[in-house]
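Some notes on the structure that comes next.
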Amino acid sequence: MSSYELPKTYDFNETEERIYAMWEAGGYFQPHNDPNRPGFDPNVKPFVISIPPPNVTGELHTGHAIFVSLEDLMIRYHRMKGYSTLWVPGTDHAGIATQLMVERQLIKEGSRRETVGREEFLRRTWQWKEEKGGKITRQIRRLGASCDWTRERFTMDEGLTRAVREAFVRLYEAGKIYRGPRLINWSPGLKTAVSDLEVIYAEEPGTLYYFKYMLAGSQAFIPVATTRPETILGDTAVAVHPDDERYQQYIGKMVVVPILGREIPVIADEYVTRDFGSGALKITPGHDPNDYEIGHRHGLAMISILDKEARVNENGGPYAGLDRFEARKKLWGDMQAAGLVLKEEPYTLNVPRSERGGEIIEPMISEQWFVEIREQAEKGLTAVKNGEIKIVPEHFEKVYFNWLENIQDWCISRQLWWGHRIPVWYCAECGQQTCARQDPTACAHCGSDKIEQDPDVLDTWFSSALWPFSTLGWPEETPDFKYFYPTSYMETGYDILFFWVARMIMGGLEFTGQAPFKTVYLHGLVRDEHGQKMSKTKGNVVDPLLVMDELGTDALRFTLLVGSTPGKDTNLSLKKVESNRNFANKLWNIGRLVINAVSAQENAPATQADWTLADSWIWARVQNLVRDVERMFQNFQYGQAGQMIYDFVWSDFADWYLEIAKQQLAEGGPRAWQTAETLLRVFDISLRLLHPFTPFVTEEIWGHLRRATHQSHLKSLVAGWPEVLMIARWPEIRAEQGWEAQKVANFGLVQDVIRAIRNLRAEKSVKPGLKLPAIIVDASGLMKQEARTIAALSNLDDSRLSILDSLDSKPANHLGLVAGPIEIFLPLAELVDPAEDRARLARELAEAESQIARLENLLASDFANKAPAPLVQKEREKLAVYKESAGKIKAQLG
RNA sequence: GGGCGCGUAGCUCAGUUGGUUAGAGCGCCUCGCUUACACCGAGGAGGUCAGGGGUUCGAGUCCCUUCGCGCCCACCA
């Protein structure tokens with residue numbers, strides 16, 4: 001006889017590392033149908049996800065943990081379904097973030113990027129990337145990510161750089177890219193333009209300053225309010241509402257800019273709100289987006305008063321050289337002295353700050369590159385509207401539409417060094433631009449070699465927009481690109497729907513003519529256990545690496561997956577991770593029992609045992625589970641699917657079936673053999689269903705199960721199993737005889753009887769070890785058939801258990817119980833107060849009667865006519881059962 | 001200003017074509033270390049599903065509305 005034993009405890013740390021190495025070495029992360037290898041079959045369906053590339057210098061946080069968990073689940077599920085799956089990993093160069101880190105390092109060394117120069121700076125940044133860059137991908141492996149690491153990409157590697165270049169040149173040639181002075185968001189700290197999305201607005205206390213705009217050559221003035229007095233230096237008009245009677249008389253006249261003495265016109269514009277502030281608005285087209293618009297409408301001059309570090313420039317007269325906030329103070333002081341100040345009042349400002357640097361963003365006019373986006377946006381809208389792309393959850397489609405409908409041209413140039421250099425050269429001779437796929441040596445217009453490349457780089461998101469296809473070889477028509485593109489799901493956080501998802505959709509449609517993916521699945525933010533956003537200052541950051549160390553990767557993954565609903569934020573509580581660690585442990589122990597059972601079986605018995613009621617029931621349950629899980633996966637309800645499997649495994653399989661199986665195994669012979677088979681088959685299905693959630697523990701147990709069974713006499717059952725669970729087939733519903741609904745209902749009745757007895761024992765504090773005799777009254781024969789199970793699970797004395805078809809009167813000195821149509825009598829009367837016991841029965845009767853009343857009412861209502869017939873029938877049956885119970889209880893009460 | 005989401009047991013949350021007596025984990029109470037598991041087992045307490053109205057035979061689920069909370073977009077000086 002063979003025996004195979006598992007260690008008593010599950011060591012997840014050791015296991016996870018070993019299993020991951022085994023998977024990777026086995027090549028299981030690569031698509032089984034690879035277009036670059038012989039034997040490729042173009043008809044096998046691919047399933048592809050491009051990883052949302054983490055910042056190359058990043059550290060693993062819970063945001064990574066949730067996306068890896070979800071994407072790995074999607075990938076593993078499809079892999080088991082037989083798709084040729086590819087999950088493309090990679091990292092993002094993250095322009096600003098990475099550049100900042102290297103700059104900080106330089107500052108520590110007492111240097112700056114301007115000192116070391118562009119070339120040296122880039123060398124150091126690449127060095128930084130090589131040193132620190134691998135960390136995040138190692139940490140992602142730790143989460144169990146089954147990415148194809150042989151296809152790993154980096155947004156600045158050679159192929160992707162070519163893709164970026166191609167994309168830029170195509171847009172340029174199509175006239176969809178332009179350069180020009182525009183009002184943009186300037187980050188004085190980073191000294192670069194940033195996009196609208198990179199500006200964060202925050203309410204902060206501030207001041208509203210009221211002052212006089214004196215009319216030229218007059219003592220009359222127009223009162224004006226501003227929150228940023230220093231911008232007075234750049235004013236080129238004062239605007240009033242055309243219908244405002246207070247100021248109508250001044251329209252067309254000139255007013256004098258304080259201190260500077262410039263004369264500027266009073267103009268009329270309906271943009272002005274009459275009842276806000278003083279009802280008159282100073283116009284600074286060079287430093288305010290709204291004023292910029294108004295300035296355009298009225299043909300006003302645009303004066304820039306700040307330099308790149310937000311210091312006042314030569315246009316600021318006496319304030320030149322001052323920082324913008326010093327200038328504000330000084331100017332206001334001077335105006336006070338000049339008698340131009342009216343008042344100050346406290347005012348809550350909505351201050352724009354740089355997402356990265358945190359300093360106040362300054363709107364400035366600057367020469368930048370833009371992508372004309374409206375046409376792309378239209379296509380992006382259509383793709384979602386016509387269902388070519390589906391967004392999960394659906395309500396984010398509205399958010400997506402809203403953004404695209406109001407989109408502005410995209411400022412793609414950044415005054416940084418780390419990133420993709422803009423492929424445009426300026427000619428010193430003829431002044432023309434040359435934009436080319438290959439670095440030019442001469443001007444394309446005049447042939448002069450006095451050309452110089454634009455110093456700016458592209459917004460990081462420009463390369464991200466190409467990610468789903470650039471990683472597959474585009475613009476080359478590589479075998480990967482042809483087979484794997486478009487990709488299947490795009491799974492990412494809703495916070496980058498605009499930054500990234502929308503831009504990828506537009507990019508995909510623009511450059512490949514196809515939507516880059518079919519489904520967008522958006523997950524929420526991971527918050528702490530009380531729903532608070534995690535932040536270092538609050539100190540509530542959960543480090544996924546520590547959680548994995550302590551409780552295991554499977555526990556972390558399962559927690560994130562089960563706790564999350566598409567598009568909704570998830571609260572991560574360590575308590576939950578702990579209970580899911582317990583679940584992994586439970587699986588392990590189920591595995592031990594099943595393996596013991598399998599190993600214990602001798603040669604196959606001559607006759608085969610029929611399924612017991614419990615066998616039929618558990619098989620029915622697991623088949624229903626397969627069906628439900630499949631449906632939920634189709635609907636992206638991963639959390640619910642996981643919960644359902646968890647409940648099945650713990651409540652049905654472990655708590656009920658395993659307890660009964662122990663009895664059946666003890667019977668030996670064909671019964672034990674048959675039970676071992678059932679245990680193995682049901683557990684196998686459970687492990688397969690669970691594998692996308694908790695890959696490590698399921699892989700490990702399954703391996704043991706497979707080997708143990710292989711060494712046992714049951715080995716024929718594992719004949720078709722592959723080497724590893726991760727490529728085993730996803731379970732399908734199997735039509736076996738013997739698990740029809742009636743058996744499920746019958747088992748339910750057995751459970752009710754067992755629960756009733758357990759309940760009474762607990763209530764009456766019967767010693768747990770005491771095996772009670774009992775009389776069970778059941779005309780159907782079911783209880784007779786299940787006597788052993790009932791006795792074992794409710795701890796009755798098997799040898800003193802009598803099951804009768806009927807009973808004339810209640811046996812003396814017994815307590816009576818009613819479970820549905822079944823009566824149970826336990827010889828406990830002397831242990832308890834008879835009055836108390838009558839009260840108990842009376843309560844049960846009252847409950848049954850109220851149910852009878854409820855159901856009779858229901859069935860007398862329109863429900864009986866209008867509800868679906870099976871539903872009505874079900875209620876009728878229930879009513880009958882309650883009536884039967886009530887009758888029995890009444891009889892017992894006498 | 002525009003849009004979106006949420007309010008279900010003490011805590012954190014599930015609950016998708018509307019269909020029994022609304023679930024889970026944690027916490028709490030009572031028992032029990034029986035040869036898979038005390039990272040466990042058995043039993044139990046705890047909810048007028050934010051309030052009001054409507055549609056329906058039937059509403060946590062759909063519609064309207066009030067209150068409270070959160071988020072996104074826009075950025076009135």
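Computed from a prediction, not measured in an experiment: that's the story for all the values here. Residue numbers start from 1 in every chain, and the chains themselves are labelled A, B, ... in the order their sequence lines are given, proteins ahead of strands.
- Distance, A/His395 NE2 to B/rU61 P: 18 Å, rounded to whole Å.
- Considering CG of A/Leu625 and CE of A/Met632, their distance stands at 9.5 Å, rounded to 0.5 Å.
- Rounded to whole Å, the distance from CG on A/Leu593 to C1' on B/rA36 is 5 Å.
- Within 3.5 Å, no donor on the side chain of A/Lys398 pairs with an acceptor on the base of B/rC4, nor the reverse.
- Side chains of A/Glu578 and A/Asn582: no donor on one and acceptor on the other come within 3.5 Å.
- Salt bridge absent: A/Glu529 and A/Lys575 never bring a charged side-chain N and a carboxylate O closer than 4.0 Å.
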Note to self: If a pair means Watson-Crick or G-U wobble with both distances below 3.5 Å, what does RNA chain B look like in dot-bracket form, with | marking bases paired to a different strand?
What the structure shows: ((((((((.[[[[.)...(...]]]].(((((.......))))).....[[[[[..)....]]]]])))))))....
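- Between A/Arg228 and A/Glu362 there is a salt bridge, with a side-chain nitrogen of the basic residue lying less than 4.0 Å from a carboxylate oxygen of the acidic one.
- Here the side chains of A/Tyr271 and A/Asn290 are in contact, with some heavy-atom distance below 4.5 Å.
- The phosphate of B/rC57 has neither OP1 nor OP2 within less than 4.0 Å of any side-chain N or O from A/Ser861.
- A/Leu497 comes within contact range of no nucleotide atom at all, as no heavy-atom separation falls under 4.0 Å.
- Contacts between residues 760-772 of chain A and RNA chain B, counted as heavy-atom distances below 4.0 Å, involve A/Ala762, A/Pro768.
- As a whole-Å value, the separation of A/Asn580 CG from B/rA14 P is 15 Å.
- Within the nucleic acid shown, A/Glu578 has no heavy atom closer than 4.0 Å to any nucleic acid atom.
- Mapped onto RNA chain B by nearest heavy atom, A/Glu659 and A/Gln643 fall at different nucleotides, with A/Gln643 at the one closer to the 5' end.
- A/Trp650 comes within 4.0 angstrom of sugar-phosphate atoms only, judged by non-hydrogen atoms across all strands, and of no base.
- When heavy atoms are screened at a 4.0 angstrom cut-off, A/Ala654 is found touching base atoms of the nucleic acid.
- The base of B/rA36 lies outside donor-acceptor range of the side chain of A/Lys8, with no N or O pair under 3.5 Å.
- Atoms CG (A/Asn759) and P (B/rU30) sit 17 Å apart, rounded to a whole Å.
- Residues A/Asn580 and A/Asp554 have side chains that never bring a donor and an acceptor to within less than 3.5 angstrom of each other.
- The CZ atom of A/Arg758 sits 17 Å away from the P atom of B/rG32 (whole-angstrom rounding).
- Residue whose closest nucleotide on RNA chain B sits further toward the 5' end, between A/Leu871 and A/Ser564: A/Ser564.
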Note to self: Please encode protein proximity along nucleotides 71-77 of chain B as a string of B, S and -, counting only heavy-atom distances under 4.0 Å.
What the structure shows: -SSBBBB
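- A/Asp569 comes within 4.0 angstrom of no nucleic acid atom, judged by non-hydrogen atoms across all strands.
- With hydrogens and angles left out, the side-chain atoms of A/Gln663 and A/Glu667 include no donor and acceptor closer than 3.5 Å.
- As judged by a 4.0 angstrom heavy-atom cut-off over every strand, A/Thr570 is placed among residues making no nucleic acid contact.
- Counting non-hydrogen atoms under 4.0 angstrom, A/Lys575 reaches the backbone sugars and phosphates but no base.
- Of all nucleotides listed (B/rG43, B/rC39, B/rA24), B/rC39 comes nearest to the side chain of A/Asn582.
- As judged by a 4.0 angstrom heavy-atom cut-off over every strand, A/Arg581 is placed among the base-contacting residues.
- Taking the six-membered ring for Trp and the full ring otherwise, the centers of A/Tyr213 and A/Phe211 sit less than 6.0 Å from each other.
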